[in-house]
Participant: 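Can you read through this structure? Questions will come right after.
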Amino acid sequence: MTDTKDTDGKGSGGQKPTLTLKRSPNDAATVRQSFSHGRTKPVVVEKKRSVAIPGKPQAAAPAPAPEKPKAAEPAPQQPQPQAQAQPNRHGTTQVHTPRDGGHARPMPPRPQPLRPGGMVLRTLTEDEKNARGQALAAARLAEQEARRKAEEDARLRAAEEERLAKEREAAAKRKAEEDARKAMEEEMKRRADTDTGRRAEPATSERRPDARPASAAPAPAAPPRDPLTPVPVSLRRNLSVTDEDEEGGAKKVSGGKVPAKPAPARTKAEPRRRDARLTVTRALEGEDERVRSLAAFRRRTEREKRALMAQQQLPAPPREIVVPEALTVQELANRMARRGVDVIKVLMKNGLMVTINDVIDGDMAQIVAEELGHTVKRVAESDVLTGLAGAEDTDAQLLSRAPVVTIMGHVDHGKTSLLDALRETDVAAGEAGGITQHIGAYQVQLPGGDRITFLDTPGHAAFTAMRARGAKVTDIVVLVVAADDGVMPQTIEAIAHAKAAGVPLIVAVNKIDRPDANPQRVKSELLQHEIVVEDLGGDTQVVEVSAIKKTNLDKLEEAILLQAEVLDLKANPNRPADGAVIEAKLDKGRGPVATVLVQRGTLRVGDIVVAGTEWGRVRALQNERGEALKEAGPATPVEILGLTGVPEAGDELVVVEAESRAREVTEYRARMRREKRAKAVARTSLDQLVQQKEGERKVLPVVIKGDVQGSVEAIAGALNQLATGEVAAQVLQQGVGGITESDVTLAQASGAAIIAFNVRAHAEARERAKRDGVDIRYYSIIYNIIDDVKAALSGLLSPTLRETFLGNAEILEIFNISKVGKVAGCRVTEGVVRRGAKVRLIRDKIVIHEGKLSTLKRFKDEVKEVQAGMECGMAFEDYQDMRQGDIIECFDVEEIQRTL
């Protein structure tokens, strides 16, 4: 360690110098750093040594710069340490050396060569790097915002300039029109003034060429005028013209000069302006030329304008007008390209006073159109259904198809069990209560390869519509009759449906394995309904079967195939499909699902179908076993997915070519169905209002939700059949799917109960029903629904009043008692008189009053009853008009509850 010595022999600030390690002159250097206000500070800068790495070539040292020739000096100078450049705050570079006393001399900035032993600069910290990154990001965002604002300002300026240009163009156009109008008015005024001034001046022949006022100065000489140039009209009055040179086509001006006309004041001798009006004499003399007045010009303009308007209002050429069943006057005028006033005039001529927005029928619209010279083409709203079913098939296109068989009969006669035996499955085990609740469609393949499509219909009385729907789409009806039960009401109804549909009937006598089975009894009972079996000489086949024992099932299949062969069932599979909706429901995971029986054509995935008021594109096809199908031919029952809503059971299903056609058809059908329901509701509501006003009918409102459309229809029909003249069940809403909050809201607003058939309420709906006190009833068997609703309707019935005679009493004397009133002294002549019972006061065999006994006394004591032969005192409630000799009849009224 050495004691470093300052250049001036003193320590910094006069203090003792510090002890430091000795460094070579090439390793460190001292530079002086400048600050503001002239402050400086010496800074020691170290040089970074290059470290030699074994096996790595070292960078060659830079070649030394060539030395400049130096002037001769008297003594050799000591070597100076390396000078270092340091930029100051003004952007200039200063070179500091340790031996010049700290004084710096400015030098221009120049790039320094990078050397291996350069200075070590301070690196940025993480905070500084983050701050610099944030500053750069903020600068980029500000630049983008400025660019966006500049673009927005440019767009706004362009729009404003375009608007101003349009306004300037419109203003210029208006100014040009105004200038043209003013110029025309000035020209007409000038012409009128010229004509008036010409008449006011004396005749030309009476003037002297040299006549001019004494005070007037001689006119200056005018340049020579070409004789062929006509004189302006405004100067002709100031010229003295002779007729000497008329042959040359121009008049000669005397003197060849045009004298200047002064503006003398009018004297009394001169005629007034009013005297210049046109008279008969002046018109006959013809000394002045007439000029069209401004009024005449305006009249001519008006005539031209009216002619132009009349030309624009010429009637439109005759055209073909499409006239629907009803339309407004404005629509008719638009279709004929006529004004609405013209149409109203024609209607008024025909005795119809209407306005522009009134609706007229098609017949009146046709009369108006034909009177105005147009041809009419009548159309109806139902024309959208024209051609929907397609063309009829020819015999060459028809191919054999499987028969569609509907199983019908009374409830619990074994229809589903028989179908299970044919399908070798167990469907009835999954039915609630052991009865079928909806139509089931299945296809069975026999061992011989033949196929039979079965439709299983419910047998309950509420499902009449389902049985009728099944009979409409079927080819053969199999009537199942229990051998131990015989013909029942639903059996008779099934026979009626089969006859109405015109389909053949096959009787299957089931349960022949029962001990009390009597097939002969069934055949005899069928004769009462015009069903003659083959055993008795008829043409109706009868097969005795047992679904449990699977007896004679092959004979039943043979009978079905034989009947199908006789019918020769055929269909065209090579055409767009059409069929019927057997059943429909709303599935939680799959959406609207419809069970469809294809009757003609082939239904494929992707087809656009229309089913009643709903349409959609077929997304998937499934058979009764849940297997996916790509297509379904004639007589094949399938489930389709992809409809926009749940169609009604029994709706016709048709494949259309485009979505637009499907929308038109569904909108028309929905509108027609809506109008039909509105009329029915309005009529029913009016009847109910009248009956409620009269106090004759009470209504039980209900909301029905079910799993399938057919079950909902059946429940609603069964409830409507319970109605009587005093009570009725009113179905506010019916639908397919779970119970929603809207259903609960409707029930709460109308005080209705919700009937849920094989569905459940959503969690939100349950909470709201619990909060609002709405009653939700869940059912799986239709019997229970009908029984509960019948009991509720029975409770609404007014009870029956039954009157029971107790006794008679005769009034012997009337007593007036203070604070009590009149009291009748009576003797009981018949029966018994009880306190609190109802009484009638009879006078001369006429009922005078009916009320209740308020007092019944025997001597001075209050008693409950008085027997015959005894005397008592009686008083009426709020009635005092009692006379001696009146008869008091005592009786009781008993209320008896009624049932449906």
Participant: Is the shortest heavy-atom distance from the side chain of Ile495 to the side chain of Leu479 under 4.5 Å?
Facilitator: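 They are in contact (side-chain heavy atoms under 4.5 Å apart), so the answer is yes.
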Participant: Please check if the number of heavy atoms outside Leu746 that lie under 6.0 Å from its CG is greater than 12.
Facilitator: yes
Participant: Distance check, rounded to the nearest 0.5 Å: Leu643 atom CG versus Thr666 atom OG1?
Facilitator: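 Answer for the CG-OG1 pair, Leu643 versus Thr666, is 11.0 Å.
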Participant: Check Val789, Ile786, Ile785 against Ile715 for a side chain to side chain contact (heavy atoms under 4.5 Å, CB included) and give me the one that passes.
Facilitator: Ile785
Participant: If you round to the nearest 0.5 Å, how far is CD1 of Ile531 from OG1 of Thr491?
Facilitator: 11.5 Å
Participant: Checking Arg669 against Glu652 for the side-chain contact (heavy atoms from CB on, under 4.5 Å) test, could you report, in this order, the C-alpha distance in whole Å, the side-chain angles of both residues, the deciding distance, and whether it holds?
Facilitator: CA-CA 12 Å; Arg669 288 179 174 174; Glu652 179 185 5; 4.2 Å; yes
Participant: Provide the closest heavy-atom pair for Arg600 versus Val598 in the form atom of the first, atom of the second, distance.
Facilitator: O-CG1, 3.6 Å
Participant: Donor-acceptor pair, Thr474 side chain versus Val404 backbone, under 3.5 Å?
Facilitator: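 Pair found, side chain donor or acceptor close to backbone of Val404.
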Participant: Does Gln541 reach the side chain of Gln563, with side-chain heavy atoms less than 4.5 Å apart?
Facilitator: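 Contact flag for Gln541/Gln563 side chains = yes.
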Participant: Establish, from distance only, whether the side-chain atoms of Arg401 and Gln599 form a donor-acceptor pair under 3.5 Å.
Facilitator: no
Participant: A side-chain contact here means heavy atoms from C-beta on lying under 4.5 Å apart; do Asp707 and Lys585 qualify?
Facilitator: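 Heavy-atom side-chain distance check fails, nothing below 4.5 Å.
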Participant: Output all residues satisfying side chain to side chain contact (heavy atoms under 4.5 Å, CB included) with Arg760, sequence neighbours left out; order by chain, then residue number.
Facilitator: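 Scan of Arg760 (side chain to side chain contact (heavy atoms under 4.5 Å, CB included), adjacent residues dropped) gives Tyr778.
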Participant: Sub-3.5 Å donor-acceptor pair from the side chain of Asn552 to the main-chain atoms of Glu544, do we have one?
Facilitator: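 Yes: the side chain of Asn552 pairs with the backbone of Glu544.
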Participant: Would a 4.5 Å heavy-atom cut-off, applied to side chains only, mark Glu726 and Lys698 as touching?
Facilitator: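 Side-chain contact under 4.5 Å: no.
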Participant: Roughly how far, to the nearest 0.5 Å, is the CG atom of Leu561 from the CG atom of Leu446?
Facilitator: 5.5 Å
Participant: Find out whether Ile704 and Leu719 are in side-chain contact, i.e. whether some heavy atom of one side chain is under 4.5 Å from a heavy atom of the other.
Facilitator: yes
Participant: Of all the heavy-atom pairs spanning Val655 and Pro576, show the shortest one and how long it is.
Facilitator: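 So the two residues come closest at CB-CB, 4.2 Å.
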Participant: Measure across Pro592 and Gly645 and return the closest heavy-atom pair with its distance rounded to 0.1 Å.
Facilitator: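 For Pro592 and Gly645, the tightest heavy-atom pair comes out as CB-O, 3.4 Å.
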Participant: Stepwise, does the salt bridge (charged side-chain N to carboxylate O under 4.0 Å, His left out) test hold for Glu648 with Arg673?
Facilitator: CA-CA 12 Å; Glu648 294 188 3; Arg673 187 170 294 179; 3.3 Å; yes
Participant: Can any side-chain N or O of Asn720 pair as donor or acceptor with the backbone N or O of Ala716 at less than 3.5 Å?
Facilitator: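 The answer is yes, because a donor-acceptor pair under 3.5 Å joins these two groups.
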Participant: Strictly by modelled atom types, are Thr740 and Asp743 linked by a side-chain donor-acceptor pair under 3.5 Å?
Facilitator: yes
Participant: Going by distance alone, is a donor N or O of one side chain under 3.5 Å from an acceptor N or O of the other, for Asp485 and His410?
Facilitator: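 Judged by distance alone, the side chains do not pair up.
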Participant: Please lay out, stage by stage, how Leu586 and Val593 fare under the test side-chain contact (heavy atoms from CB on, under 4.5 Å).
Facilitator: CA-CA 6 Å; Leu586 184 63; Val593 179; over 6 Å; no
Participant: Between Ala441 and Thr595, which heavy-atom pair has the shortest distance, and what is it?
Facilitator: CB-CG2, 4.2 Å
Participant: May I ask you to decide if Val481's main-chain N or O and His413's side chain share a donor-acceptor pair within less than 3.5 Å?
Facilitator: no
Participant: Any side-chain heavy-atom pair from Ile407 and Leu455 closer than 4.5 angstrom?
Facilitator: no
Participant: Determine which pairs satisfy salt bridge (Lys or Arg N to Asp or Glu O under 4.0 Å) with at least one residue from residues 529-543, sequence neighbours left out, and list them in order.
Facilitator: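 Qualifying pairs, neighbours excluded: Lys499-Glu530, Lys523-Asp535.
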Participant: Is there a side-chain contact (heavy atoms from CB on, under 4.5 Å) between Thr453 and Val405? Walk through the geometry before answering.
Facilitator: CA-CA 6 Å; Thr453 300; Val405 179; over 6 Å; no
Participant: Measuring only between side-chain heavy atoms, which start at C-beta, is Ile476 closer than 4.5 Å to Val503?
Facilitator: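 No, side chains not in contact.
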Participant: Among Ile560, Leu418, Val478, which one satisfies side chain to side chain contact (heavy atoms under 4.5 Å, CB included) with Phe454?
Facilitator: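 Result: among Ile560, Leu418, Val478, Ile560 is the only option passing the side chain to side chain contact (heavy atoms under 4.5 Å, CB included) with Phe454.
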Participant: Taking it one step at a time, do Ile754 and Ile739 satisfy side-chain contact (heavy atoms from CB on, under 4.5 Å)?
Facilitator: CA-CA 9 Å; Ile754 300 178; Ile739 300 173; 3.6 Å; yes
Participant: Side chains of Asn623 and Tyr442: any donor to acceptor distance under 3.5 Å?
Facilitator: no
Participant: Taking NZ, NE, NH1 and NH2 as the nitrogens, is one of them in Asp788 or Lys790 under 4.0 Å from a carboxylate oxygen of the other?
Facilitator: no
Participant: For the residue pair Glu627 and Gln622, establish whether any side-chain heavy-atom pair is separated by less than 4.5 Å.
Facilitator: no
Participant: If you round to the nearest 0.5 Å, how far is NZ of Lys415 from CG of Asp420?
Facilitator: 12.0 Å
Participant: Taking all non-hydrogen atoms of both residues, which atom of Arg590 and which atom of Asp587 are closest, and how far apart?
Facilitator: N-OD1, 3.1 Å
Participant: How long is the gap from CG on Leu597 to OG1 on Thr636, to the nearest 0.5 Å?
Facilitator: 8.0 Å
Participant: Hey, could you give me the CG/CG distance between Asp578 and Leu388, rounded to the nearest 0.5 Å?
Facilitator: 9.0 Å
Participant: Using the side chain to side chain donor-acceptor pair (under 3.5 Å) rule, collect all pairs that involve residues 500-516, keeping only residues at least two apart or in two chains.
Facilitator: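 Every side chain to side chain donor-acceptor pair (under 3.5 Å) pair that includes a residue of residues 500-516, provided the two are not neighbours, is Asp484-Arg514, Asp513-Ser546.
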Participant: Looking at Glu583 and Ala649, what are the two nearest heavy atoms and their distance?
Facilitator: OE2-CB, 4.1 Å
Participant: For Thr644 and Glu614, which I'm curious about, is there any donor-acceptor pair between the side chains at under 3.5 Å?
Facilitator: yes
